[in-house]
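Everything below concerns the one structure shown next.
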There are 2 protein chains.
Amino acid sequence: MAGKRQQKGQDTATRILDAAERLVQVRGFNGFSYADVAAELEITKASLHYHFAGKAELGEALIERYATRFGEALTQIETSPIDAAAKLDAYAKLYADVLRAKRMCLCGMLAAEYRTLPKPMQNAVIRFFDENEAWLEAVLVQGQGEGSLAFAGSASDAARMIVSALEGAMLVSRPYADPARFQATAERLFASLSSSSALAPSR
Amino acid sequence: MAGKRQQKGQDTATRILDAAERLVQVRGFNGFSYADVAAELEITKASLHYHFAGKAELGEALIERYATRFGEALTQIETSPIDAAAKLDAYAKLYADVLRAKRMCLCGMLAAEYRTLPKPMQNAVIRFFDENEAWLEAVLVQGQGEGSLAFAGSASDAARMIVSALEGAMLVSRPYADPARFQATAERLFASLSSSSALAPSR
DNA sequence: GTCTATAGGCAGATAGAC
DNA sequence: GTCTATCTGCCTATAGAC
């Protein structure tokens with residue numbers, strides 16, 4: 001499957017994934033068709049079936065790649081020589097970047113359509129959120145230890161709160177096509193977790 | 001259209017709206033069809049077109065009714081003899097009730113599918129969020145005045161944060177089919193706004 | 001108001017040539 | 001790997017009888 005480089009520097013399978021990913025993030029899994037992807041790549045629908053047996057298999061591959069990339073970004077943040085509060089900021093920036101491309105988080109979109117998805121896709125969506133929460137929990141524990149973060153309750157609950165709030169901020173901000181809307185919510189969220197917020201109410 | 005009461009105590013248009021509303025909240029606007037509604041009501045697809053010209057018109061009617069009902073619930077809360085903090089709890093309970101029925105907020109679902117919706121539906125979704133935020137802003141201002149709530153920044157920003165966090169908590173909780181997940185997030189959210197949480201600092 | 005019948009199009013998918 | 005051709009089924013929607 002990974003032969004010589006092509007004109008656009010990507011093999012067909014990758015180009016399919018790129019187009020389908022964008023379509024799902026903008027229109028949803030039930031809002032796009034093989035015909036949409038085929039038109040964008042200027043190949044036929046039949047060719048798509050050579051690379052991905054069906055829409056369900058394409059969907060699985062989409063989540064898997066998305067989760068892998070996201071996980072790599074998290075590892076990069078995790079190994080950076082910055083404090084936990086800065087890591088949270090970097091985490092929020094991952095979301096902001098998606099929103100700036102006028103897209104919804106892939107798995108946030110699929111969470112909305114969850115009940116219409118094939119089982120393997122459902123399981124993959126759950127895994128994505130579990131991994132995010134586990135990573136955040138570790139960062140929160142680190143921040144509590146080093147004193148850069150302060151929060152009540154369990155780190156696990158706080159991690160879930162962060163994922164929920166950021167996914168929700170993306171969801172609601174998108175109709176307004178206003179990235180600043182997301183930004184304001186993210187900053188307010190982290191301000192309530194920053195240890196410095198326990199000193200002064202302003203920022 | 002509003003003739004005598006029928007066996008189930010509702011006219012056909014209402015029964016259509018009820019079935020379609022549930023379908024959209026569970027499967028999304030692009031995840032259901034006239035055939036689904038017709039099957040549930042045991043009438044034909046053609047009959048649906050007598051009551052609602054097309055899917056777009058049905059969708060508009062769905063949001064309008066949903067927003068009206070939600071607005072009435074907000075008015076009820078607003079006129080209750082309780083403090084602002086309690087009003088926020090009552091507001092969160094509206095969301096929790098939807099989630100307990102294994103549904104997503106209608107407009108939260110439509111926000112995900114926003115880019116695939118006809119213009120009139122898009123405008124109606126925006127109006128729903130605007131009305132929610134305006135109501136919340138008033139409650140927050142009241143709470144700040146009476147001392148039951150404390151928060152940094154503008155009441156408007158805080159209101160947006162609340163809507164985002166609750167919508168996101170619904171979105172992420174639904175795949176886990178775990179209402180407690182939503183509850184924990186809502187409680188943590190309001191804890192950060194309660195004046196009692198301002199132990200030492202904050203104004 | 002509800003029905004039967006049907007139009008016209010698009011969905012996901014497959015067979016087989018090249 | 002990509003194509004043409006085709007299948008089957010579902011989609012929204014309409015015409016017209018009752």
Side-chain angles (χ1 to χ4, degrees), chain A residues 1-21 23-24 26-63 110 113 115-121, chain B residues 1-21 23-24 26-63 110 113 115-121:
Chain A
M1 196 185 297
K4 297 183 179 181
R5 295 233 155 207
Q6 302 188 343
Q7 287 183 332
K8 301 198 177 181
Q10 296 170 341
D11 61 23
T12 302
T14 301
R15 292 174 63 214
I16 293 171
L17 288 170
D18 289 343
E21 183 178 83
L23 284 163
V24 173
V26 172
R27 304 179 53 88
F29 192 71
N30 295 325
F32 88 104
S33 71
Y34 262 38
D36 296 325
V37 178
E40 189 164 321
L41 268 58
E42 293 181 306
I43 61 177
T44 61
K45 288 184 291 173
S47 296
L48 298 183
H49 285 282
Y50 171 79
H51 298 280
F52 299 95
K55 206 182 174 185
E57 289 77 15
L58 172 56
E60 288 181 58
L62 281 176
I63 309 177
L110 295 177
E113 300 176 295
R115 292 281 293 273
T116 73
L117 303 179
K119 261 280 158 42
M121 287 186 68
Chain B
M1 195 182 294
K4 297 184 178 180
R5 294 234 155 206
Q6 301 187 344
Q7 286 183 332
K8 301 198 176 183
Q10 297 170 341
D11 61 23
T12 302
T14 301
R15 293 174 62 213
I16 293 170
L17 288 170
D18 289 344
E21 183 178 84
L23 284 163
V24 173
V26 172
R27 304 179 52 89
F29 192 71
N30 296 325
F32 88 103
S33 72
Y34 262 39
D36 296 324
V37 178
E40 190 163 321
L41 269 59
E42 293 180 307
I43 60 177
T44 61
K45 290 182 287 175
S47 296
L48 297 183
H49 286 282
Y50 170 82
H51 298 280
F52 299 96
K55 206 182 174 185
E57 289 77 15
L58 173 56
E60 289 181 58
L62 281 176
I63 309 177
L110 296 177
E113 299 176 295
R115 292 281 293 274
T116 72
L117 302 178
K119 260 280 159 41
M121 286 185 68

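Just so it is clear: chains get the letters A, B, ... in the order the sequence lines come, proteins before strands, and each one is counted from 1. Basis for what follows: all heavy atoms, side chains included, without hydrogens, waters or symmetry-related copies.
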Of the non-hydrogen atoms in [X] and [Y], which two are nearest, and what is the gap between them?
{"X": "B:Thr12", "Y": "B:Leu41", "answer": "O-CD2, 4.4 Å"}
{"X": "B:Phe52", "Y": "B:Ala61", "answer": "CE2-CB, 3.7 Å"}
{"X": "B:Arg115", "Y": "A:Arg27", "answer": "O-NH1, 4.3 Å"}
{"X": "B:Ala19", "Y": "B:Glu40", "answer": "CB-OE2, 3.7 Å"}

Rounded to whole Å, please give me the gap between [atom1] in [X] and [atom2] in [N].
{"X": "B:His51", "N": "C:dG1", "atom1": "NE2", "atom2": "P", "result": "7 Å"}
{"X": "A:Leu48", "N": "D:dG1", "atom1": "CG", "atom2": "C1'", "result": "12 Å"}
{"X": "A:Glu42", "N": "D:dC3", "atom1": "CD", "atom2": "P", "result": "10 Å"}
{"X": "A:Leu58", "N": "C:dA11", "atom1": "CG", "atom2": "P", "result": "15 Å"}
{"X": "A:Ile43", "N": "D:dG1", "atom1": "CD1", "atom2": "P", "result": "12 Å"}
{"X": "B:Arg15", "N": "C:dT2", "atom1": "CZ", "atom2": "P", "result": "8 Å"}
{"X": "B:Lys45", "N": "D:dT14", "atom1": "NZ", "atom2": "P", "result": "13 Å"}
{"X": "A:Lys55", "N": "C:dT14", "atom1": "NZ", "atom2": "C1'", "result": "18 Å"}

With a cut-off of less than 4.0 Å, is there a side-chain N or O of [X] near OP1 or OP2 of [N]?
{"X": "A:Ser47", "N": "D:dG1", "result": "no"}
{"X": "B:Thr12", "N": "C:dT2", "result": "yes"}
{"X": "A:His49", "N": "D:dT2", "result": "no"}
{"X": "B:Thr44", "N": "C:dC3", "result": "yes"}

Completion exercise
Among the nucleotides C:dG12, C:dT14, C:dA5, whichever has the atom closest to the side chain of B:Ala46 is C:dA5
Practice task
From the options C:dG1, C:dA13, D:dT14, select the nucleotide whose nearest atom is closest to the side chain of B:Tyr50.
Solution key: C:dG1
Handout entry: Residue-level proximity of residues 29-37 of chain A to DNA chain C when a heavy atom falls under 4.0 Å
Key = A:Phe32, A:Ser33, A:Tyr34, A:Ala35
Problem - Side-chain heavy atoms of B:Leu17 within contact of B:Leu58, under 4.5 Å - result: yes
Fill in the blank from the handout: Residues passing the side-chain contact (heavy atoms from CB on, under 4.5 Å) test with B:Thr44, sequence neighbours excluded, are B:Ala46, B:Ser47
Practice task
Write out all pairs satisfying side-chain hydrogen bond (donor to acceptor under 3.5 Å, both in side chains) with one or both partners inside residues 52-61 of chain A, taking only residues at least two apart or from two chains.
Solution key: none
